[in-house]
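Please read the structure below before turning to the comments.
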Amino acid sequence: MIERRIPIQVSEAVERVMAFACQGEVEEIPIEKAYGRYLGEDVISDHDVPPFDRSPYDGFAIHAEDSKTARNDQPVEFEVIEEIGAGYVASKEVKPFQAVRIMTGAQMPAQCDAVVMLELTKEYEKDGKKYMAIKRSFQSGDNVSFKGEDTKKGNVLVPKGTYINPGVQALLATFGYANIKVAKKPIIGIYATGTELLDVHEQLQPEKIRNSNAHMVQAQIERAGATPIYAGKLIDDFEACYEAISKVLEDVDILVTTGGVSVGDFDYLPAIYEQLGAKVLFNKIAMRPGSVTTVAELNGKLLFGLSGNPSACYVGFELLVRPVIKRLLHSTKPHVKKARAVLQADFPKANPFTRFVRGYVSYSENGLEITPIGLDKSNVVSSLASVNGLMILPGGTRGFRQGTKVDVLLLEDIEGSEWPW
Ligand SMILES: Nc1nc2c(c(=O)[nH]1)N[C@H]1C(S)=C(S)[C@@H](COP(=O)(O)OP(=O)(O)OC[C@H]3O[C@@H](n4cnc5c(N)ncnc54)[C@H](O)[C@@H]3O)O[C@H]1N2
Ligand code: MOO
Ligand SMILES: [Mg+2]
């Protein structure tokens with residue numbers, strides 16, 4: 001008799017999976033390799049920035065007090081006693097009505113408290129000495145970058161779990177992190193099941209198709225920040241699948257399989273979970289596509305049985321596998337970011353289950369917009385190339401009109417959501 005499966009809500013499925021998600025190990029790597037990784041420690045300022053008062057302009061450092069009578073018709077003259085570039089310090093004491101020619105980034109001479117930009121001065125020589133004159137007054141502190149104005153020593157500037165972008169790289173370098181602790185990339189194994197599957201380099205044959213899921217999932221794993229290991233494709237044979245799956249489990253943190261999770265005669269994943277002694281967390285979700293998505297747990301390791309249908313596989317990964325990976329990477333916002341967007345076309349289908357419609361999200365002056373892409377069927381592959389968002393249409397709704405505001409999941413976003421459901 002055919003097995004009757006009881007669907008659970010998407011939020012419930014995500015919750016059951018996240019109960020097994022934990023923070024992963026950290027490793028130390030050189031800064032040169034850090035871009036695109038996730039911080040495994042807080043980035044803390046170990047000194048004030050800037051570390052000394054400095055000039056933000058090419059100009060002259062003066063005592064502001066000396067300039068107070070300067071006017072258009074009454075210039076004030078300064079003797080220029082030395083010149084310093086960035087990386088040097090003034091060697092002479094600056095007395096009243098003396099100035100130091102100073103370049104951007106150079107430390108302020110101790111007695112000076114303002115900088116006059118070169119463009120506001122007139123320079124000349126008299127009796128073999130250098131002078132400059134200004135025609136307006138300056139206040140103490142004018143054009144000075146003060147020690148610590150950027151950040152003070154001891155601040156947590158970027159918390160653990162943050163994605164390392166070019167700006168974070170700048171901070172790592174500023175504070176001397178030649179090596180930085182980052183979250184270890186979890187190893188995610190992939191097996192594609194299906195006797196009909198051909199490898200990418202194989203010629204098409206009647207009744208066969210190329211295995212697109214493995215390569216798609218591989219890229220999704222990398223987009224989520226983990227390391228994929230493509231273990232290969234498996235024919236629909238219980239023994240062969242069982243052997244291969246139980247073996248690969250030793251080498252991976254998480255296993256993703258595609259196909260073979262439904263109720264068909266050759267859908268062996270449910271029986272394999274049983275034989276492995278894995279606990280099935282659920283085998284039906286009230287969503288489309290991806291309703292057959294099944295997740296099992298064995299000794300704390302998660303086994304994701306994603307659908308064989310490409311679009312269902314894609315959606316199942318983003319909703320369930322991605323947050324587990326992000327949590328392993330120490331993210332505090334592991335889920336796909338949810339936002340509101342204006343629907344750009346009618347979507348007349350009724351939704352008995354929550355529907356995740358593949359779409360293209362763009363930004364307009366009115367905010368986010370989403371356009372559904374291609375055929376909304378779970379076995380469709382051609383629409384996937386331009387998908388950067390999933391429109392969430394709640395179960396029990398009867399279609400949506402163009403212009404309606406809908407919830408969308410932003411797949412290319414890096415920041416994530418704490419809990420979007
Ligand atoms: N009687 C029922 N039949 C089906 C149900 C159901 O509830 N009752 N659910 C349907 C839904 S919904 C889905 S989704 C599919 C899921 O099936 P499986 O996950 O078991 O996947 P397969 O049967 O192995 O394959 C489905 C489909 O996808 C193609 N496929 C598989 N692997 C790949 C791959 N690596 N690359 C590209 N395409 C792949 C495969 O050839 C099939 O066409 O079950 C429905 N049936
Ligand atoms: O699991 Mo299926 O994707 O609902 O079409
Ligand atoms: Mg099947």
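Each ligand, and each atom within it, is numbered from 1 in the order the structure gives. Note that the coordinates shown come from a computational prediction; the quantities given were computed from them, not determined experimentally. For reference, positions follow the sequence shown, starting with 1.
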If hydrogens are left out, which of [options] has an atom nearest to [atom], that is, the closest non-hydrogen atom?
{"atom": "atom 43 (O) of ligand 1", "options": "N379, I209, N309", "value": "N309"}
{"atom": "atom 16 (C) of ligand 1", "options": "P7, S311, G290, S307", "value": "S307"}
{"atom": "atom 20 (O) of ligand 1", "options": "S378, C313, G308, S262", "value": "S262"}

Using side-chain heavy atoms (C-beta onward) and a distance below 4.5 Å, is L302 in contact with L281?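 They are in side-chain contact.
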Could you say whether the N/O atoms of [X] and ligand 2 ever approach to under 3.5 Å?
{"X": "S307", "answer": "no"}
{"X": "S378", "answer": "yes"}
{"X": "A312", "answer": "no"}

Any idea which part of [X] is under 4.0 Å from ligand 1, heavy-atom wise: side chain, backbone, both or neither?
{"X": "V381", "result": "neither"}
{"X": "V263", "result": "side chain"}
{"X": "D267", "result": "side chain"}
{"X": "N213", "result": "both"}
{"X": "H215", "result": "neither"}

Would you say S331's side chain and K333's backbone share a donor-acceptor pair under 3.5 angstrom?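 The answer is yes, because a donor-acceptor pair under 3.5 Å joins these two groups.
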Using a 3.5 Å distance criterion without hydrogens, assess whether the side chain of S45 forms a donor-acceptor pair with backbone atoms of K152.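 Yes, the answer is positive, given that a donor and an acceptor are paired below the 3.5 Å cut-off.
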Looking at ligand 1, is there an atom of it that comes within less than 4.0 Å of some heavy atom belonging to [X]?
{"X": "R5", "result": "no"}
{"X": "S212", "result": "yes"}
{"X": "T193", "result": "yes"}

Regarding [X] and [Y], does a basic nitrogen lie under 4.0 Å from an acidic carboxylate oxygen?
{"X": "E274", "Y": "K279", "answer": "no"}
{"X": "D376", "Y": "K349", "answer": "yes"}
{"X": "K247", "Y": "E250", "answer": "no"}

Measure the distance from [atom] to every protein heavy atom, then report the residue, atom name and distance (to 0.1 Å) of the closest one.
{"atom": "atom 40 (C) of ligand 1", "result": "E196 OE2, 2.9 Å"}
{"atom": "atom 7 (O) of ligand 1", "result": "K284 NZ, 3.5 Å"}
{"atom": "atom 35 (N) of ligand 1", "result": "N211 OD1, 2.9 Å"}
{"atom": "atom 12 (S) of ligand 1", "result": "S291 OG, 3.6 Å"}
{"atom": "atom 18 (P) of ligand 1", "result": "G260 N, 3.6 Å"}
{"atom": "atom 1 (O) of ligand 2", "result": "S291 N, 2.7 Å"}

Minimum heavy-atom distance I31-Y177, with the two atoms named: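 Shortest heavy-atom contact: CB-O, 3.6 Å.
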From CA spacing to verdict: side-chain contact (heavy atoms from CB on, under 4.5 Å), I188, I229: CA-CA 6 Å; I188 320 292; I229 292 187; over 6 Å; no
Would you say ligand 1 has an N or O under 3.5 Å from any N or O of V292?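 N/O-N/O distance under 3.5 Å: no.
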Do R37 and Y35 meet the cation-pi criteria used here (NZ or CZ under 6.0 Å from the six-membered ring centre, within 45° of the axis)?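 Pair R37/Y35 does not count as cation-pi.
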Applying side-chain contact (heavy atoms from CB on, under 4.5 Å) to S91 and E82, what does each step give before you reach the verdict? CA-CA 8 Å; S91 61; E82 75 179 298; 3.1 Å; yes
D48 and K153: CA distance, side-chain angles, deciding distance, salt bridge (Lys or Arg N to Asp or Glu O under 4.0 Å) verdict: CA-CA 5 Å; D48 286 351; K153 178 179 176 172; over 6 Å; no
Take the angle between the ring planes of F238 and Y242 and call it parallel below 30°, perpendicular above 60°, tilted in between.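 Parallel.
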Parallel, tilted or perpendicular: ring planes of H47 versus F175, cut at 30 and 60 degrees: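 Judged by the thresholds at 30° and 60°, the geometry between H47 and F175 is tilted.
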Pull out every atom of ligand 1 sitting under 4.0 Å from any heavy atom of T258, numbered as shown with elements.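 Once the distances to T258 are compared, the set is 35 (N).
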Regarding E318 and Q220, is there a side-chain donor-to-acceptor distance under 3.5 Å anywhere?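 Note: E318 and Q220 side chains meet the donor-acceptor criterion.
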Per-atom contacts, ligand 2 versus G290 - under 4.0 Å to a heavy atom: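 Listed by number with element, the hits are 1 (O), 2 (Mo), 3 (O), 4 (O).
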Quick one: which ligand 2 atoms are inside 4.0 Å of a heavy atom on P289?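 It comes down to these atoms of ligand 2: 3 (O), 4 (O).
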